[in-house]
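Heads up: the structure comes next, in structure tokens.
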Amino acid sequence: MDGEISTDDVSALLESDADVRIVDIRDQASFERGHIPGSENVPFHELTAKIEDFDDTDRIVTVCPHGQASVQAARLIGSYEGSADARVESMAGGLEAWAEAYELSADDGEGDEQSERDGRSERNEGEHDTRGNADSSAPF
């Protein structure tokens, strides 16, 4: 792992059409409720099975609700031999920080504005519980 990257730097990468993969590690339902435009969903529990998908990728940014689990995901991806030449970073502050400054996209027919409001209202929720006890209504 190469460290953390700010939400502003991630936004700049996306605006510049840089060769970067934004990997959202939440479950599919959470991703569909709201995510960074242009990001892809690879739930944390699927990373090891899909690790070869990152071969020959130059830059990878992992994203989670609050920027904690994405550090672990970045370390996992960075330890893979196929991503040895890639720059692998975790987005500091996670989607909570993103939603404070930028819009989220939704795949379920909900508008971006509603997704952003929902994200801000859930700011005090804990990190996604990997045991499956997370609040299923939270966009993060």
Side-chain angles (χ1 to χ4, degrees):
M1 182 177 119
D2 295 305
E4 290 187 304
I5 185 171
S6 72
T7 55
D8 290 338
D9 288 341
V10 171
S11 178
L13 285 172
L14 292 171
E15 287 178 15
S16 71
D17 291 326
D19 184 18
V20 62
R21 290 176 68 176
I22 310 298
V23 180
D24 188 319
I25 63 166
R26 296 173 299 148
D27 63 81
Q28 183 178 356
S30 296
F31 180 81
E32 289 174 356
R33 281 192 299 275
H35 56 270
I36 295 172
S39 63
E40 62 185 281
N41 184 223
V42 181
F44 190 90
H45 69 275
E46 295 178 14
L47 275 176
T48 55
K50 296 186 175 189
I51 198 78
E52 290 181 3
D53 292 350
F54 300 106
D55 283 355
D56 302 320
T57 301
D58 293 329
R59 192 164 190 179
I60 302 164
V61 176
T62 57
V63 177
C64 71
H66 304 287
Q68 296 169 6
S70 60
V71 170
Q72 294 174 336
R75 286 184 182 141
L76 176 67
I77 293 169
S79 71
Y80 173 61
E81 185 178 310
S83 65
D85 295 331
R87 183 171 182 173
V88 183
E89 300 160 300
S90 170
M91 189 174 77
L95 289 164
E96 179 178 318
W98 181 272
E100 289 178 9
Y102 305 100
E103 290 187 16
L104 295 171
S105 290
D107 291 343
D108 62 356
E110 212 176 78
D112 286 347
E113 183 178 315
Q114 181 64 40
S115 293
E116 185 176 355
R117 272 196 311 270
D118 289 348
R120 289 182 181 166
S121 70
E122 297 296 335
R123 226 177 254 133
N124 295 324
E125 290 295 317
E127 186 75 24
H128 183 275
D129 187 343
T130 57
R131 295 174 302 218
N133 297 341
D135 178 0
S136 63
S137 65
F140 304 127

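Scope of the values below: all heavy atoms of this structure, side chains included, with no hydrogens, waters or symmetry mates. Index from 1, following the sequence.
Between D53 and R21 there is a side-chain heavy-atom pair separated by less than 4.5 Å. The closest side-chain heavy-atom distance from P65 to R26 is below 4.5 Å. Taking the side chain as every heavy atom from C-beta outward, I77 and T57 never approach each other to under 4.5 Å. Looking only at side-chain heavy atoms (C-beta outward), L13 and R59 come within less than 4.5 Å of each other.
Taking CD1 of I51 as the reference point, atom CD of E81 lies at 11.5 Å (rounded to 0.5 Å). In this structure, CZ in R33 is found 11.5 Å from CG in L95, a value given to the nearest 0.5 Å. To the nearest 0.5 Å, atom CZ of residue R87 and atom CD1 of residue I60 are 12.5 Å apart.
M1 and F54 are not part of a single hydrophobic cluster, where members link through side-chain heavy atoms under 4.5 Å apart. V71 and V23 sit in two unconnected hydrophobic clusters of ILVMFWY residues. Membership requires side-chain heavy atoms under 4.5 Å apart, directly or through other members.
Considering all non-hydrogen atoms of both residues, Y102 and T7 come closest at CE1-O, 3.9 Å. When all heavy atoms are compared, the tightest approach of A69 to C64 is N-SG, 3.5 Å. In plain terms, the two heavy atoms of G67 and S90 that are nearest each other are O-OG, 4.1 Å. Scanning all heavy atoms of the two residues, the minimum distance from S39 to F31 falls at OG-CE1, 3.3 Å.
Just one residue in the list N41, L47, V63 forms a side chain to side chain contact (heavy atoms under 4.5 Å, CB included) with I25, and that residue is L47.
Legend: residues meeting side chain to side chain donor-acceptor pair (under 3.5 Å) with Q28, ordered by chain and number and at least two apart, are E32.
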